[in-house]
Amino acid sequence: MADLSRLNEKQKEAVLSTEGPLLILAGAGSGKTGTVIHRIAHLIDDCGVSPFSILAITFTNKAAGEMRDRVDAMIGTNAAGIWVSTFHAMCARILRRHAEYLGFTRNFTIYDTDDQKTLMRQLIREKNLDTKMFRERGVLAVISAAKNNRKTADDFYKESVGDYRNMQIAELFRMYQEALLKNDAMDFDDLLNYAIDLLSGFPEVLNYYQERFRYIMVDEYQDTNTAQFELVRLLAGKYRNLCVVGDDDQSIYAFRGANIENILGFEKEYPGAKVIRLEQNYRSTGNILDVANALIKNNHGRKPKSLWTERQGGAKVHYDRYQSAKEEAFRTVREIEKLRDRGADLNEIAVLYRTNAQSRVLEESFIRENVPYHLIGGVNFYQRAEIKDMIAYLKTVESARDDIAVRRIINVPKRAIGKTTVDRITAWAGERDLGFFEACTQADRIPGLGSAAAKKVIGFTGLIGELRKAPDDGIAGLMRRILDETGYIAELKATQTIEDQTRIENLEEFISKAADYEEKSGGEETSLAEFLEEISLVADIDSLDDGSGRVALMTLHSSKGLEFDYVFLTGLEAGLFPSFRSVNDIENNGLEEERRLCYVGITRAKKELFLSSARERMVNGETMRQGRSQFLDEIPADLLDDRTPEEDMPRRGFAFGGSIDGDDSGGDFGYRGFSGRGAGAGTGYGSDSYHGMSERYRKAHGGAGGPGFGKQFPSYDEETARFRKSVLGGGGAKSGAKKTLPDYGVGDLVRHAKFGDGKVLVITEDKRDYMVTVDFEDFGIKKMLAGFAKLEKI
DNA sequence: GGGCCTCAAGTTTTT
DNA sequence: CTTGAGGCCC
């Protein structure tokens, strides 16, 4: 018997309503996931439903993972038969089994955003369109919106007649779909649409899945788009045992085509549907909930509801306005250290922000303060150039059907095959309706191609041929051979740059991931296509709750569905959050979506919530003065513990040298050192690229922190003064101080307090100090300032 | 014909 | 601050 004793009446009712359509309107923190888990347990334990008949669809991999874990914990091994999956992963899995019906092979690959852009760029060029007017990003956005509404290129063309731009886009749309089919690839939207085509076009397939999934649950239903709605409608069409869970106040994906009508109109689509409201919040304190309610009240067009809690009071919601984003980052970390000193578990702390770009300055502070953190989302490991090169090689060795992949690697590493040659091959292949790789194998027959060029191209196809002949020792084995035999690794090793060292490490990591994957599938034939699918669809498998004691850093969007004892909601600034684009998007009620996003962020907090904003922030390499977020003004002042010191309020009498946003407030903050480039406000990381840097951040907590703050940093309290000291003066790498040549040289063994022993690879001279690159035995290659790192020769 | 360098333009959120 | 496109030199 499933134990329902800990559920409230509404939750119990939801658990026991197993037959027919059911809509659970579950407010934030109302025990939604627990209810769904209990419902699954009840179906299996008490209703005799086979686990194989249950399908649970979530929106993100994190949510799917969490549900899987909790179901496993409650039901045990029996749970293995349940499909718990995201929409996209589910579709990929179904499509793989029936891909031939749609003209794909079962080894079709999935295009990510970069692949889409590459293809679209090429099509725009092919059509000789003005690249200023038709940017791949914009074109793809229009196409994606159409696809999310189940429109084909033809549909889109018909409704675009008379509109030059849209007619051109319709044509690109058609070419794009054709190219994908030819390349045996699908994009994210295609996964949904082709799955629908499969189910609606092949009754026996539909029947199979309808019989298979007699009980269907969909989480975060407010975020489903039209295609997802249709997919669910098909699958549930026979037995109608469909349970959807959602909260219109947490709808934050309209920009991706989510249609709020799916949840608001559920009862219309499924007459006789039962509706259960879960309105008791078990997560947050009364004070946090009051703030959330006060904010969301400003939205119109929502289902009226009243979230309540028995846990009145609690700590007040804090608000701090800092001078700069750097200070905000530093003080946030300091606040976290205080919580840690009070016994808080770092796993129970999250720092949230509106845009991924904001994570960087936070990371710097976490590193400097040596507080372990974990970056969720952001720049994906699998999007790094070297990883994508490897994937392109794997695809080419396997089938070479993907022209984009072949073109990507034809000159990587450099083989002196240039753009002109590639264009000529492309044109020739197009005339003959051949694949790009096939055309390459016949390069000597392509007119206009010199014999030298043809020879190089044939050399490339020969190389791929050699790789194909090699013994089958798995994906990892193939990867290693690719690196060796193509000269890829040799090229990276030759340069001796830190970036290329990082790339080598990334490739090693990729190979070990492949090895893990093969091991996991226990000797079974492992398909490259499935491995690549996992990469593109289940990329952020990194479990949050891994007990590693790290603070989670993520966007507000990523935070949905999660909860933490302590939540820091940063960057509450006008133009940033709500973003200025959304504020201007009146047509789609963009501001209301931002407000829901803020509501989501607030309601992640269980015990304490910290809001903050900065007066100054670097945006796209430019220091901008930032106003307060309007959301702060929507929260009654008596609910906030506004800790912004009096003396920190804007002072008058200084001209800021040209008002940036033309707004009122007038004051200057004495920040000359910060404004503008080249004023010493760099991050002190030398020539590292963003990717290389971020990668190192992720791997090493406490890495090569460097000084680099502006010189004029007005202190306004003791803590800031300490901050200045620790950053500007304390480390030993002071601006203007004389630098001393380290007593070690290249090749020497050195010891670092945190990283242990390593070998010095490179020493370069910086304006203020020496930059030392060390290969540590246990931590890999790090770059650090000599004065800061205090390396000891051994 | 290829490769390197400079210049310009763009930047929300995710599967 | 990053990526892409175009120009120029080898």
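Protein chains get the first letters and strands the later ones, always in sequence-line order, with residue 1 at the start of each. Owing to the predicted nature of the structure, the values given are computational and were not obtained by experimental measurement.
- B:dT13 atom P lies 21 Å from atom CG of A:Asn589, rounded to whole Å.
- Listed pair A:Thr421 / B:dG2 meets the phosphate criterion, a side-chain N or O lying under 4.0 Å from OP1 or OP2.
- Distances were taken from every side-chain heavy atom of A:Phe188 (C-beta onward) to each of C:dA5, B:dT15, B:dT14; the shortest belongs to B:dT15.
- OP1 or OP2 of B:dG3 sits under 4.0 Å from a side-chain N or O of A:Asn411.
- Within 4.0 Å of A:Gly590, counting heavy atoms only, lies no atom of the nucleic acid at all.
- If you run side chain to side chain donor-acceptor pair (under 3.5 Å) between A:Arg408 and each of A:Asp389, A:Asp114, A:Asp115, A:Thr118, only A:Asp389 comes through.
- Ring pair A:Phe104/A:Phe108 is perpendicular by interplanar angle, where above 60° counts as perpendicular and below 30° as parallel.
- Straight-line distance from the NZ atom of A:Lys419 to the P atom of B:dG2: 10 Å, rounded to whole Å.
- The interatomic distance linking A:Arg360 (CZ) with C:dC1 (C1') rounds to 8 Å, in whole Å.
- Toward the 5' end of DNA chain B, the nearer of the two residues A:Leu449 and A:Leu597, judged by each one's closest nucleotide, is A:Leu449.
- By the 5.5 angstrom centroid cut-off and the 30-degree plane limit, A:Phe59 is classified as not stacked against the base of B:dT15.
- A:Phe577 comes within 4.0 angstrom of no nucleic acid atom, judged by non-hydrogen atoms across all strands.
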Protein-nucleic acid N or O pairs under 3.5 Å, nucleotides 5-11 of chain B:
residue, atom, partner, partner atom, Å
B:dG10, OP1, A:Arg135, NH2, 2.9
B:dT11, O2, A:Asn620, OD1, 3.3
B:dT11, N3, A:Asn620, OD1, 3.2
B:dT11, N3, A:Asn620, ND2, 3.2
B:dT11, O4, A:Asn620, ND2, 3.3

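- A sub-4.0 Å separation between OP1 or OP2 of B:dT13 and a side-chain N or O of A:Ser582 is absent.
- Between the CG atom of A:Asn148 and the P atom of B:dT14 there is a distance of 16 Å, given to the nearest Å.
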- Task: Begin from the C-alpha positions of A:Lys513 and A:Ile535 and carry the test side chain to side chain contact (heavy atoms under 4.5 Å, CB included) through to its verdict.
- Result: CA-CA 10 Å; A:Lys513 274 178 204 285; A:Ile535 283 168; over 6 Å; no
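- Looking at which nucleotide of DNA chain B each of A:Lys456 and A:Ser558 is closest to, the 5′-most match is held by A:Lys456.
- In the set B:dG3, B:dT14, C:dA5, C:dA5 carries the atom at the smallest distance from any side-chain atom of A:Arg121.
- Cation-pi geometry between A:Arg415 and A:Phe460 is not met at under 6.0 angstrom from the ring centre and within 45 degrees of the axis.
- Partners of A:Asp184 according to the side-chain hydrogen bond (donor to acceptor under 3.5 Å, both in side chains) rule, which considers only residues two or more places apart in sequence or in another chain, are A:Thr105.
- Within the 3.5 Å criterion, the main-chain N or O of A:Ala614 finds a donor-acceptor partner in the side chain of A:Glu573.
- As rounded to whole Å, 8 Å separates atom P of C:dG4 from atom CD of A:Glu136.
- In this structure, A:Phe580 places its CZ atom 14 Å from C1' of B:dT13, rounding to the nearest Å.
- Here the nucleotide nearest the side chain of A:Lys414, chosen from B:dT13, B:dG3, C:dC1, is B:dG3.
- Counting only heavy atoms from C-beta on, A:Thr86 has its side chain closest to B:dT15 among C:dG4, C:dC1, B:dT15.
- Figure legend: A:Arg595 and A:Phe631 shown without cation-pi pairing, the cationic atom not lying both under 6.0 angstrom from the six-membered ring centre and within 45 degrees of its axis.
- Taking the ring axis of A:Tyr599 as reference, the NZ or CZ atom of A:Arg596 does not stay both within 45° of it and closer than 6.0 Å to the ring centre.
- Minimum atom distance to the side chain of A:Met618 is reached by C:dC1, of the listed C:dC1, B:dT15, B:dT13.
- When each of B:dT13, B:dT15, B:dG2 is scored by its nearest atom to the side-chain atoms of A:Thr420, the top-ranked nucleotide is B:dG2.
- In this structure, CG of A:Leu140 is placed 15 Å from C1' of B:dT14, rounded to the nearest angstrom.
- One atom, CG of A:Asp114, and another, P of B:dT14, lie 14 Å apart when rounded to the nearest Å.
- Comparing B:dT15, B:dT14, C:dA5 by their nearest atom to the side chain of A:Thr555 picks out B:dT14.
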